[in-house]
Amino acid sequence: MSLTNTATRYGAVTKTFHWLTALLILTAIPLGWYANRLPLEPGETLALKAQLFSVHKTIGVAAFAVALLRILWALTQPRPAPMHPTRRAETWLAQSVHWALYAALVVVPLSGWVHHAATEGFAPILWPLGQTLPLVPKTAAVAVTAASIHWVFTKVLIAALVLHIAGAVKHAVADRDATLARMLPGRTEAAGHGPSPGHAPAALAATLVYVAGIGTALALAEAEGDRVASVEPLAEAAGSWQVQEGTLGITVRQFGEDVEGRFAEWQADIEFSEEPVEGRHGEVEVTISVPSLTLGSVTEQAMGPKYFAAEEHPRAVFSADIVPAEPGYVAEGTVTLKGETAPVSLPFTMEIDGDTARMQGGTTLDRRSYDIGSGETNADNLGFGVEVSVDLTATRRGDRDG
């Protein structure tokens, strides 16, 4: 069998690319569909969900590579003429589906890969080459946009596949011609009747589909951004010090990988004096908006009732006395989260320059103390310890004594 195409048949390379692509895509789509429908429940079901998504992502990356090679090869090869070029509408539809299919074979796995690279946690790609992509920052905006594009164009890919398969079946069953046979293994040759019509109208139709798809994806991403931004704001903080900027982050261990997250909405009421009074430097109360947490690709899972239960318990509170330690200070108090309260000790350092203070500290909470992921008893699937880190800059209020 010849490796290259001719005017009457497809070569071995084209056929190999075609059926390898079909195998990868028709494996990845059902895997993703099934994994999406598995519940986000602690336990072995969650572990299975992660494993299936890992396989899905790995196949997707392979499909992306094969699709690029297939397109590059197609650009160097003649395409056998259609069997019925006089059926202009049918030929235009077939060409439009091919254009849409080729584009989807690139856009769908690439957008999924970008989403994976822009976020953290849950189902790594099964290869030793790392999980990031050059020029792709780990930001919620990039992750949400890529996820929206992936969702929309998965539907385009499925629609193009259905039309492509339906067309092949029509040629084989209704028309009884050799259109499908030319792509099957073997040396099938079948000349088309006349030259192929131009591809410009079909390419334009496919482009319009993709423009509409991109617009839909961006609208979905904007709606998701508005949903996150609509988290109820907290009241303005009181206290003798006012936080000017800072981050409140957590790190969890899931399936052997660290997943970092941060709370976008929190406020701290701080009373602090450089000179201790009765062994205390002051006190602090931090109120945290739980729904404002972003935690990589597991954000939605984390908000659920088995974990943070953000809808029922939208606030977490850390209340503590500030006492001296060596070195620095310790905030000794409690954290109330998901209706449970447990003691917490948070050591920190503070550098004070006039009326400006920089504080850095951290501690580790046991998620089991707050009934978070209580059904997940395997620390390899979800670690028991949750690292908390705080970094803030505060200024002394001018109308209060330090």
Side-chain angles (χ1 to χ4, degrees), residues 1-31 59-110 153-207 209-210:
M1 178 186 293
S2 173
L3 295 178
T4 58
N5 296 358
T6 71
T8 60
R9 59 174 168 76
Y10 292 104
V13 174
T14 298
K15 291 181 180 181
T16 300
F17 277 137
H18 178 276
W19 293 110
L20 179 57
T21 301
L23 175 64
L24 292 171
I25 294 301
L26 294 177
T27 302
I29 289 175
L31 272 177
I59 293 174
V61 171
F64 174 70
V66 170
L68 287 182
L69 293 173
R70 178 182 180 182
I71 291 170
L72 291 174
W73 176 255
L75 293 175
T76 69
Q77 299 294 301
R79 184 182 181 88
M83 303 299 298
H84 309 285
T86 56
R87 300 178 185 175
R88 295 188 177 277
E90 181 180 306
T91 301
W92 168 81
L93 178 60
Q95 290 178 341
S96 299
V97 168
H98 272 99
W99 277 91
L101 189 56
Y102 275 170
L105 290 174
V106 173
V107 173
V108 170
L110 180 58
F153 286 101
T154 296
K155 308 306 177 285
V156 174
L157 173 59
I158 292 172
L161 277 174
V162 170
L163 290 173
H164 181 67
I165 293 170
V169 171
K170 173 186 177 296
H171 281 289
V173 176
D175 296 337
R176 297 181 182 277
D177 60 32
T179 299
L180 175 59
R182 287 192 300 194
M183 190 55 77
L184 295 175
R187 197 179 176 83
T188 301
E189 297 197 30
H193 305 287
S196 297
H199 283 269
L204 177 60
T207 299
V209 169
Y210 271 77

Margin query: Using the ring pair (Phe, Tyr, Trp, His ring centres under 6.0 Å) criterion, which residues pair with Tyr210? Sequence neighbours excluded.
Written below: Phe153
Item checked: Under the salt bridge (Lys or Arg N to Asp or Glu O under 4.0 Å) test, residues paired with Lys170 that sit two or more places apart -> Glu90, Asp175
Item checked: Residues that Leu163 engages under side chain to side chain contact (heavy atoms under 4.5 Å, CB included), provided they are two or more places apart -> Val97
Notebook entry, point to check: So, for Ala104 and Pro109, which heavy atoms are closest and what is the spacing to 0.1 Å?
Noted result: O-CD, 3.6 Å
Note to self: Which heavy atom of Arg9 sits nearest to which heavy atom of Pro80, and what is that distance?
What the structure shows: O-CG, 3.5 Å
Checklist line | Distance in Å, Gln77 CD paired with Thr6 OG1, rounded so as to fall on 0.5 Å steps | finding: 10.0 Å
Notebook entry, point to check: Roughly how far, to the nearest 0.5 Å, is the OG1 atom of Thr91 from the CD atom of Gln95?
Noted result: 6.5 Å
Next item on the list: Measure the CZ-OG1 distance between Arg70 and Thr21 for me, rounded to the nearest 0.5 Å.
Entry: 4.5 Å
Notebook entry, point to check: How about His98 and His164: do any of their side-chain heavy atoms sit closer than 4.5 Å?
Noted result: yes
Checklist line | Minimum heavy-atom distance between Asn5 and Gly11, given as atom pair plus value | finding: OD1-N, 2.8 Å
Margin query: Can you give me the closest heavy-atom contact between Ala28 and Ile59, atom names plus distance?
Written below: CB-CG2, 3.8 Å
Notebook entry, point to check: Rounded to the nearest 0.5 Å, how far apart are CG of Leu75 and CD1 of Ile71?
Noted result: 7.5 Å
Notebook entry, point to check: Residues two or more places apart in sequence or in another chain: which of them pass side chain to side chain contact (heavy atoms under 4.5 Å, CB included) with Val13?
Noted result: Leu3, Phe17, Trp73
Check: Taking only residues two or more places apart in sequence or in another chain, which ones pass side chain to side chain contact (heavy atoms under 4.5 Å, CB included) with Thr16?
Finding: none
Checklist line | From Leu26 atom CG to Leu31 atom CG, the distance as rounded to the nearest 0.5 Å | finding: 11.5 Å
Checklist line | Ile29 and Leu157, any side-chain heavy atoms less than 4.5 Å apart | finding: yes
Next item on the list: With sequence neighbours left out, write down each residue that passes side chain to side chain contact (heavy atoms under 4.5 Å, CB included) with Val162, or none if nothing qualifies.
Entry: Ile158
Check: Which residues satisfy the side chain to side chain donor-acceptor pair (under 3.5 Å) test with Asp177, sequence neighbours excluded?
Finding: His84, His171, Thr179
Item checked: Residue pair Tyr10 / Lys15: nearest heavy atoms and the distance that separates them -> O-CE, 3.4 Å
Next item on the list: Return yes if some donor-acceptor pair links the side-chain N/O of Trp99 with the main-chain N/O of Leu204 below 3.5 Å, else return no.
Entry: no
Next item on the list: Search all heavy atoms of Arg79 against all heavy atoms of Tyr102 and return the closest pair with its distance.
Entry: NH1-OH, 4.5 Å
